Amino acid sequence: QVQLVESGGGLVQAGDSLRLSCVDSTRTGSSYAMGWFRQAPRKERDFVAAISWSGRSTYYADSVKGRFTISRDNAKNTLYLQMNSLKPEDTAVYYCAADPRVQSIVIQYTADYWGQGTQVTVSS
């Protein structure tokens, strides 16, 4: 069982940066692929980024390429999402996810384990 806890969200202005963190409190997810999704009010949940268990492969939604960077530190059981040049349309609840297969996250947009979410609000 993997338990994920996100942090780092907040209210920022357009153009600012934020770094989200997601800790696997059970320390069992280091062999799992992990990813970030987001859900804006009245919209479906969208894929943002994913990373293989080793960290060697990363995947991004077109809307965040060049602005967001996903990374992980398996020694700390932590996943990160560095978000730069934030835009008002990035406003959403951001969810961390983990799955044994990166294809589940990147292609099927699903995962076995989810965090509770952290709110990111970008004002114009």
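Along the sequence shown, the residues carry numbers beginning at 1. On a predicted model such as this, the values are computed, not experimentally measured, just so you know.
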For the residue pair [X] and [Y], what are the closest heavy atoms and their distance?
X      : Y      : answer
Ile70  : Gly35  : CD1-CA, 4.2 Å
Val106 : Ala50  : CG2-CB, 3.6 Å
Arg45  : Tyr109 : NH2-O, 4.1 Å
Tyr60  : Phe47  : C-CE2, 3.9 Å
Ala33  : Arg72  : CA-NH1, 4.0 Å
Ala92  : Ala40  : CB-N, 3.8 Å

Do Gln119 and Thr121 meet the criterion of a side-chain donor-acceptor pair at a distance under 3.5 Å?
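There is such a pair between these side chains.
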Between Ser71 and Asp73, do the side chains contain an N or O donor and an N or O acceptor separated by less than 3.5 Å?
no
Is there a path of hydrophobic side-chain contacts, each under 4.5 Å between heavy atoms of I, L, V, M, F, W or Y residues, that connects [X] with [Y]?
X      : Y      : result
Met83  : Val23  : no
Val48  : Leu4   : yes
Val64  : Val122 : yes
Tyr80  : Trp114 : no
Val102 : Leu79  : no

For the side chain of Thr78 and the backbone of Lys76, is there at least one donor-acceptor N/O pair under 3.5 Å apart?
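Confirmed, Thr78 side chain pairs with Lys76 backbone.
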Do Asn77 side-chain atoms and Ser25 backbone N/O form a donor-acceptor pair below 3.5 Å?
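Not confirmed, Asn77 side chain does not pair with Ser25 backbone.
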With a sphere of 6.0 Å drawn around CD of Gln82, does it hold more than 12 non-hydrogen atoms of other residues, nucleotides or ligands?
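Yes - once you tally the heavy atoms of other residues, nucleotides and ligands closer than 6.0 Å, there are more than 12.
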Given the side-chain rings of Phe68 and Trp36, with only the six-membered ring counted for Trp, is the space between their centroids under 6.0 Å?
no
Nearest-0.5 Å distance that lies between atom [atom1] in [X] and atom [atom2] in [Y]:
X      : Y      : atom1 : atom2 : value
Met34  : Ile51  : CE    : CD1   : 9.5 Å
Arg38  : Glu89  : CZ    : CD    : 8.0 Å
Asp112 : Ser104 : CG    : OG    : 7.0 Å
Gln1   : Thr26  : CD    : OG1   : 7.5 Å

Who passes salt bridge (charged side-chain N to carboxylate O under 4.0 Å, His left out) against Lys65, sequence neighbours left out?
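Testing Lys65 for salt bridge (charged side-chain N to carboxylate O under 4.0 Å, His left out), a comparison that skips the adjacent residues, returns Asp62.
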Arg67: which residues meet the salt bridge (charged side-chain N to carboxylate O under 4.0 Å, His left out) condition with it, sequence neighbours left out?
Asp90
Sequence neighbours excluded, the answer for ring-ring contact (aromatic ring centres under 6.0 Å, His included) partners of Tyr94 is none
Side chain to side chain donor-acceptor pair (under 3.5 Å) partners of Thr69, counting only residues at least two apart:
none
Taking side chain to side chain donor-acceptor pair (under 3.5 Å) as the definition, give me every residue that meets it alongside Gln116, ordered by chain and number, with sequence neighbours left out.
Glu6
Identify every side-chain donor-acceptor pair in residues 7-22 under 3.5 Å, counting partners at least two apart or on other chains, and give the distances.
residue : atom : partner : partner atom : Å
Asp16   : OD2  : Gln13   : N            : 3.1
Ser17   : OG   : Asn84   : OD1          : 2.9

I'd like to know whether Tyr95 forms a ring pair (Phe, Tyr, Trp, His ring centres under 6.0 Å) with Phe37, so could you lay out the CA-CA distance, the side-chain angles of the two residues, the decisive distance to 0.1 Å, and finally the verdict.
CA-CA 5 Å; Tyr95 296 92; Phe37 290 78; 8.7 Å; no
